[in-house]
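The block underneath contains the structure these notes are about, expressed in structure tokens.
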Amino acid sequence: MFAARTQWNLASNRLAKLLEEVRARGGEVLDLTASNPTECGFQYDGASILKALITPAVLKYHPDARGLRPARQAVKDYYEQRGEQVAVENLILTTSTSEAYSFVFRLLCNPGDEVLVPTPSYPLFDFLADIQDVKLLRYPLIYDHGWQIDFHALESAITPRTRAVIVVHPNNPTGHFTKTEERSKLNQLCAAHDLAIIADEVFLDFPLNGKPCISFTQNHSVLSFTMSGISKISGLPQMKLAWLAVNGPDTQKTEALARLEVVADTFLSMNAAIQAAAPTFLAQRHGFQQQLMARVRNNLAELDKQLSEQKSCTRLEIEGGWYAVVRVPAMRSDEELALELLDEGVYVHPGHFYDFPGDGYLVVSLISKERAFSEGIEKLLAHF
Ligand SMILES: Cc1ncc(COP(=O)(O)O)c(C=O)c1O
């Protein structure tokens, strides 16, 4: 009855099952996996958000496959305020970065074509690829006092069916940015093999050193698709507003935009209210990002303080984003460890969720509420 592409193992994983059990027996769970900013105690300007949704503009239907121009202008302004030029003509609005991935996969890949993804990285790629009949090939990131792309492995993984390389800038959960030299090497490699770059920049505005990092929207030497959205930038995942910026050599860029417009026109998934509110939602980012970075810095300082008081665990270096990777003794699998910790009331993600190269990695969210974070880390470290 069903297509092979949806033949997933739908049983809940052991960690999800245990989480349900612990909660059902009324146990307190110190959640170090929190990633929903609307549940983390940040203050939003609720009145402005609601006001922006109620406007006469939403009573008219003016379909525009690329997204309504004033909303695209708000995205252009966002980049301009970062000191980066992006033309409204090169933007396509989507309901999420996941939808943007799906548009780009549709544009570039025939069934069975390949896209290179970094590992460790964001676990949703497998599903996004399955749904579009795209095959994922993995290229390793290597850790040596910071993360870097293993270019030798990346180049060796390319086959005649490879269409694009994904970079997550900064990556989730390793928290490292793609460096300028890496970008040049990536451009050379993609030009040589006729590949596009797909850059996921949902965490771009969260560098720990406070210095803005250059967006791939400024990458013009190869065809580049940069995606981002307000789910992270403004902490408003419920509003479903994201975008895709297309850059690169003129002929390829124009052709890509024309084809993407047809893909977008087929769905016309953007609704009027969210587009009308786009300037307000993007303006909300300043207050949100300030609170979020304060939380991240406090939690990171607390983590470092507690780590300095023991010898078994360390953390990997981070440059930005919302997560930290804790290196723990690999006495058993990450999954076993995460289950034991959950049984003791601390919920963390095992490294294998993100395809870490071995055991001994736990991922913690730095946006967790401070008390839960501090008590959770204390229990986590006491485990070893
Ligand atoms: C790297 C990365 N890309 C994209 C997303 C999802 O973004 P959106 O809500 O716009 O689909 C996430 C969410 O955690 C993410 O970590």
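Indexing begins at 1, ligand by ligand and atom by atom, following the structure's order. We number each residue from 1, following the sequence as shown. Basis for what follows: all heavy atoms, side chains included, without hydrogens, waters or symmetry-related copies.
- Scored by the side-chain hydrogen bond (donor to acceptor under 3.5 Å, both in side chains) test, Asp150 finds no partners at all (sequence neighbours excluded).
- Aromatic ring centres of Tyr122 and Tyr354: separated by at least 6.0 Å.
- The aromatic rings of Phe267 and Phe103 lie parallel to each other, their planes meeting at an angle below 30°, with 60° marking the opposite boundary.
- Listed by chain and number, residues touching ligand 1 at under 4.0 Å (heavy atoms only) are Ser96, Thr97, Ser98, Tyr122, Val168, Asn172, Asp200, Val202, Phe203, Ser231, Lys232.
- Residues that satisfy the side-chain hydrogen bond (donor to acceptor under 3.5 Å, both in side chains) test with Gln289, not counting sequence neighbours, are Asp205.
- Here Lys179 pairs with Glu319 under the side-chain hydrogen bond (donor to acceptor under 3.5 Å, both in side chains) rule; sequence neighbours left out.
- A heavy-atom distance below 4.5 Å is not found between the side chains of Glu302 and Glu370.
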